[in-house]
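Input: a single structure, listed below in structure tokens.
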Protein chains: 4
Amino acid sequence: METATRDSDKAPRTERGRRTLRKLLDAAASEFGERGFHEASISTITRRAGVALGSFYTYFDSKDAIFRALVSDMSDAVKMAAREAISPDMPPLEIERAALEAFLRFAGEHKEIYRIIDEAEFVDPESYQGHYRTIAQRIADRLASGGAKGEMRSGLGEVEAWAVMGMNVFLGLRYAIWAQEGDPECAAVVTRANLLLAKGLASNRPDPV
Amino acid sequence: METATRDSDKAPRTERGRRTLRKLLDAAASEFGERGFHEASISTITRRAGVALGSFYTYFDSKDAIFRALVSDMSDAVKMAAREAISPDMPPLEIERAALEAFLRFAGEHKEIYRIIDEAEFVDPESYQGHYRTIAQRIADRLASGGAKGEMRSGLGEVEAWAVMGMNVFLGLRYAIWAQEGDPECAAVVTRANLLLAKGLASNRPDPV
Amino acid sequence: METATRDSDKAPRTERGRRTLRKLLDAAASEFGERGFHEASISTITRRAGVALGSFYTYFDSKDAIFRALVSDMSDAVKMAAREAISPDMPPLEIERAALEAFLRFAGEHKEIYRIIDEAEFVDPESYQGHYRTIAQRIADRLASGGAKGEMRSGLGEVEAWAVMGMNVFLGLRYAIWAQEGDPECAAVVTRANLLLAKGLASNRPDPV
Amino acid sequence: METATRDSDKAPRTERGRRTLRKLLDAAASEFGERGFHEASISTITRRAGVALGSFYTYFDSKDAIFRALVSDMSDAVKMAAREAISPDMPPLEIERAALEAFLRFAGEHKEIYRIIDEAEFVDPESYQGHYRTIAQRIADRLASGGAKGEMRSGLGEVEAWAVMGMNVFLGLRYAIWAQEGDPECAAVVTRANLLLAKGLASNRPDPV
DNA sequence: GATGAATGAGGATTCATTCAT
DNA sequence: TATGAATGAATCCTCATTCAT
């Protein structure tokens with residue numbers, strides 16, 4: 001998780017400073033993830049990071065600022081996870097399967113990320129919209145590419161991209177974040193979701209002629 | 001929007017009381033919708049409602065309590081909107097189309113509702129989960145029924161229900177809440193989404209034998 | 001427990017009113033006794049009394065007013081209990097014994113009274129002082145009378161009266177209010193206290209000549 | 001008056017912090033003494049201490065907490081005053097005289113302390129009981145020691161200790177706290193009280209045989 | 001850079017009291 | 001008389017942010 005761009009006058013200049021910054025970011029990620037933005041307090045974060053309260057302002061201008069930095073980090077991390085799981089020469093539907101699989105695994109391993117990004121809707125709407133618009137764009141690109149290869153319908157666009165993203169996100173919510181005893185394996189979830197993408201819900205019964 | 005069940009000792013006993021309660025709920029809906037839970041304050045709400053600060057506590061135990069009441073109200077309202085748009089004897093895919101259409105219209109007309117329910121994830125996680133689990137269950141029932149009629153694949157279940165719900169929610173987010181100039185009409189969005197549900201994304205090209 | 005004098009315009013005029021007044025006083029006695037003046041609230045009292053909040057002000061001008069009425073009632077009750085236990089023709093030390101015995105029994109049976117009177121020190125200092133001054137005066141009279149009879153030292157006065165009163169009050173606190181398993185019987189306490197009054201603490205050893 | 005043990009995370013770490021803490025304790029002592037616990041407010045205290053409202057919470061968790069710290073301080077101070085006035089090799093009755101004398105002087109000089117400890121009965125009953133139980137125990141020890149020396153009756157115990165303590169407390173209330181023009185000198189009060197302890201109230205007249 | 005004390009605006013909540021019905 | 005809704009001043013407490021060391 002690389003730190004997002006921040007005011008250059010806040011960037012650490014020494015190794016010691018870099019360590020403090022990292023401790024703050026880690027502590028903030030945990031706090032925001034566990035308690036949410038409003039319940040978390042700067043002093044909780046600094047206490048958890050093991051640094052003095054005042055040190056916080058050496059690295060961030062405000063509570064919002066560290067939250068934004070975190071959202072940016074995590075938004076990147078989510079995208080990276082998906083991107084690393086796929087390669088352009090995989091068959092289009094296989095790409096979607098891999099993307100969902102990567103996302104489910106990532107969400108399961110970083111539950112707090114999910115929460116932080118979601119809370120951005122209320123704390124920093126800009127980046128929340130930005131996050132999802134970017135992802136939707138990538139999916140749209142993939143669908144277009146699938147159409148170009150002739151393996152997906154042509155004409156797929158933004159609408160389908162948001163639909164696919166919504167599916168993925170809610171499956172992540174249900175089967176990664178809220179996973180519980182007795183739930184199907186992630187692999188099974190991915191398979192079923194991919195089948196839905198492939199063939200839809202309708203039965204195979206030939207249309208009555 | 002009917003008021004959710006609350007402590008009986010807070011229920012108004014007079015007509016005047018009922019009016020005050022309604023004013024508070026309406027004001028809270030606007031405030032929470034516009035500013036969000038944390039930015040809204042009791043005094044903002046009462047000022048907006050035109051009642052004294054103390055009157056709030058005649059009807060609610062806390063800021064959380066009115067939020068919960070509101071979420072419950074709105075969760076019901078959303079479900080009601082979908083339910084009224086469909087009837088069991090419509091063809092299964094037609095039902096999904098109508099449900100999405102109703103949801104998009106509803107979300108567009110009550111943007112604050114969307115926001116309030118979403119914020120429940122952080123303010124009152126219980127009801128947030130409850131809301132989506134309930135809806136998922138209903139969709140699952142519809143899919144099962146579609147399978148029974150032979151018009152949908154058999155074996156559709158919870159996974160597909162969450163997928164459909166996620167699709168609907170994100171399309172609502174994108175095309176109702178975040179609607180902007182130049183976006184496709186809702187009708188077009190619904191049509192494309194329904195086609196996705198019907199046939200999936202794959203091209204019609206027969207499988208290579 | 002008779003109600004103290006109050007603003008005549010608040011005195012109940014009907015039988016129904018008298019009943020309401022009594023319910024309020026009883027509820028207030030319990031509430032003040034259990035929770036103390038500041039924890040108790042008018043609404044707690046009226047709820048306990050089973051009357052409407054507004055009805056309180058039909059009978060009392062304020063929270064202080066009902067407290068004062070109660071202190072007055074109880075102050076009278078305590079004095080009455082002592083007075084009924086003694087008669088002027090009992091031997092003076094016997095009178096003191098009986099007074100203490102009556103007080104211990106009374107305190108044990110009405111623990112809340114003790115607390116209410118004590119709290120008057122902070123809520124209504126006037127009546128608190130008045131209460132103890134009155135009692136001290138009575139004790140002083142008894143001691144003077146004991147001196148006149150020749151069975152007590154002559155010259156006993158206010159100082160001794162306060163000393164005796166303090167002794168009684170603290171024995172009541174310890175052995176009636178804070179009574180616990182394994183404490184001596186009240187009778188034993190009374191006997192020892194009376195012996196202290198009779199002979200003091202010094203040993204009987206004759207003064208070395 | 002030394003500060004009682006408190007949460008270590010609230011203990012001042014710098015000299016400046018120690019000064020602020022002291023100012024707060026002093027201001028609180030005055031406020032609680034003059035107005036009582038419930039009339040005093042945090043903002044009154046901080047205003048009086050000349051520090052910002054928020055600074056209060058740097059050192060105490062709540063209004064109750066500072067009250068408790070104060071009671072503890074003062075309870076110690078009272079005991080110290082008595083202890084310093086006596087020495088084990090004084091004659092037992094002389095010890096009692098000195099203890100009462102010290103208490104009267106102390107109460108007269110620190111009227112607010114009396115009030116604060118008394119109010120603890122309602123604000124922090126635990127420490128109130130603790131205070132008097134501890135003192136009673138010390139008196140009981142002195143009486144036992146007096147018995148061992150043969151100058152007091154043997155068999156004196158807890159009952160007599162509470163009796164003596166009650167006398168002292170009420171004499172303090174009457175002649176130190178509520179002192180008024182024309183009252184006897186403290187010395188005279190002490191002498192009379194000591195005579196009561198020495199010989200009791202009965203006349204010297206030999207029992208009629 | 002690090003520390004932790006100081007600040008004070010802001011907000012939730014309580015409750016005695018008034019008043020219309 | 002009884003009722004219970006309405007009022008709003010008062011108070012505790014939180015916490016982001018500043019600042020002196």
Side-chain angles (χ1 to χ4, degrees), chain A residues 12-17 19-21 38-47 51-65, chain B residues 9-10 12-21 38-46 50-64, chain C residues 12-14 16-17 19-21 38-47 50-65, chain D residues 9-10 12-21 38-46 50-64:
Chain A
R13 263 177 261 280
T14 70
E15 177 52 28
R16 182 191 183 196
R19 275 203 312 276
T20 303
L21 173 55
H38 288 96
E39 293 304 305
S41 70
I42 307 276
S43 75
T44 324
I45 292 171
T46 52
R47 195 148 48 242
V51 306
L53 178 53
S55 300
F56 178 90
Y57 291 88
T58 305
Y59 298 99
F60 298 96
D61 281 329
S62 65
K63 190 182 176 185
D64 272 70
Chain B
D9 67 330
K10 294 275 176 180
R13 269 180 260 272
T14 68
E15 179 50 31
R16 188 189 181 195
R18 252 180 306 278
R19 275 202 310 277
T20 302
L21 173 56
H38 288 96
E39 292 305 306
S41 71
I42 308 274
S43 70
T44 322
I45 292 172
T46 51
V51 304
L53 177 55
S55 298
F56 177 90
Y57 293 90
T58 305
Y59 299 101
F60 299 96
D61 281 330
S62 65
K63 192 181 173 185
D64 271 71
Chain C
R13 262 178 262 281
T14 69
R16 184 195 183 192
R19 274 202 312 276
T20 302
L21 173 56
H38 288 96
E39 292 304 306
S41 69
I42 308 274
S43 74
T44 324
I45 293 172
T46 51
R47 194 148 48 242
V51 305
L53 177 54
S55 300
F56 178 89
Y57 291 88
T58 306
Y59 298 100
F60 298 96
D61 281 329
S62 65
K63 190 182 177 185
D64 272 69
Chain D
D9 66 331
K10 294 276 177 178
R13 269 181 260 271
T14 69
E15 179 50 30
R16 188 188 182 198
R18 255 181 303 279
R19 275 201 311 276
T20 302
L21 173 55
H38 288 95
E39 292 306 306
S41 70
I42 309 272
S43 71
T44 323
I45 292 172
T46 52
V51 304
L53 176 55
S55 297
F56 178 90
Y57 293 91
T58 305
Y59 299 101
F60 299 96
D61 281 330
S62 65
K63 192 181 172 184
D64 270 70

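Please read all numbers here as calculations on a predicted model, not as lab measurements. Just so we're on the same page: letters track the sequence lines, and every chain starts at 1.
The 5' end of DNA chain E is approached more closely, in terms of each residue's nearest nucleotide, by A:G17 than by the other of A:G17 and B:D64. Map D:G54 and B:G54 each onto its nearest nucleotide of DNA chain F; the residue landing nearer the 5' end is B:G54. Where B:H38 and A:V51 meet DNA chain E, the nucleotide closest to each residue was compared, and A:V51 sits on the side nearer the 5' end.
In terms of heavy-atom proximity, C:H38 sits nearest to D:H38 at ND1-ND1, 2.9 Å. When all heavy atoms of B:P12 and B:G17 are compared, the closest pair comes out as CB-C, 3.5 Å.
Counting to the nearest Å, the P atom of F:dA10 and the NZ atom of D:K63 are 15 Å from each other. Rounded to a whole Å, the CG atom of B:L53 is 11 Å from the P atom of E:dT14. Residue C:R47 contributes atom CZ, which lies 12 Å from atom P of E:dT14 at whole-angstrom precision. When rounded to the nearest whole Å, the span between CZ of B:R19 and P of E:dA20 equals 15 Å. The distance from atom OH of B:Y59 to atom C1' of F:dT7 is 12 Å, rounded to the nearest whole Å. A:F60 has its CZ atom 18 Å from the C1' atom of F:dT18, to the nearest Å. Taking atom CZ on D:R16 and atom C1' on E:dT7, their separation rounds to 10 Å, with Å as the unit. Counting to the nearest Å, the P atom of E:dA6 and the NZ atom of D:K10 are 12 Å from each other.
The side chain of D:S41 places no N or O atom within less than 4.0 Å of a non-bridging phosphate oxygen (OP1 or OP2) of F:dA10. Residue A:S55 places at least one side-chain N or O under 4.0 Å from the OP1 or OP2 atom of E:dT3. Residue D:S43 places no side-chain N or O under 4.0 Å from the OP1 or OP2 atom of F:dC12. In terms of phosphate contacts, D:T58 brings no side-chain nitrogen or oxygen within less than 4.0 Å of OP1 or OP2 of E:dG4. Between C:Y57 and F:dA2, a side-chain N or O to OP1/OP2 separation shorter than 4.0 Å is absent.
Among the nucleotides E:dT3, F:dG4, E:dA5, the one closest to any side-chain atom of A:A52 is E:dT3. Nearest to the side chain of C:R13, among F:dT1, F:dG8, E:dT17, sits F:dT1. Proximity note for D:S62 (side chain, C-beta onward) versus F:dC13, F:dA16, F:dG8: the nearest is F:dC13. When each of E:dT17, F:dT1, E:dA2 is scored by its nearest atom to the side-chain atoms of A:T20, the top-ranked nucleotide is E:dA2.
For B:T46 (side chain) and B:I42 (main-chain N/O), a donor-acceptor pair under 3.5 Å exists by modelled atom type.
Residue D:I42 is classed as a sugar-phosphate contact, given heavy-atom separations below 4.0 Å to backbone atoms only.
Base-pair partner of F:dT11: E:dA12 (Watson-Crick or G-U wobble, both distances under 3.5 Å). As the counterpart of F:dC19, E:dG4 is assigned, both hydrogen-bonding distances of the Watson-Crick or G-U wobble pattern falling under 3.5 Å.
For the C1' atom pair drawn from E:dG1 and F:dT21, the interatomic distance equals 13 Å after rounding to whole Å.
Remark: D:K10 NZ to D:L21 CG distance equals 11.5 Å, nearest 0.5 Å. Atom OG1 of B:T20 sits about 4.5 Å away from atom OH of B:Y59, to the nearest 0.5 Å.
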Start with the C-alpha gap between C:T58 and C:S55, add the side-chain angles, then the distance that decides, and say whether side chain to side chain donor-acceptor pair (under 3.5 Å) holds.
CA-CA 5 Å; C:T58 306; C:S55 300; 5.1 Å; no
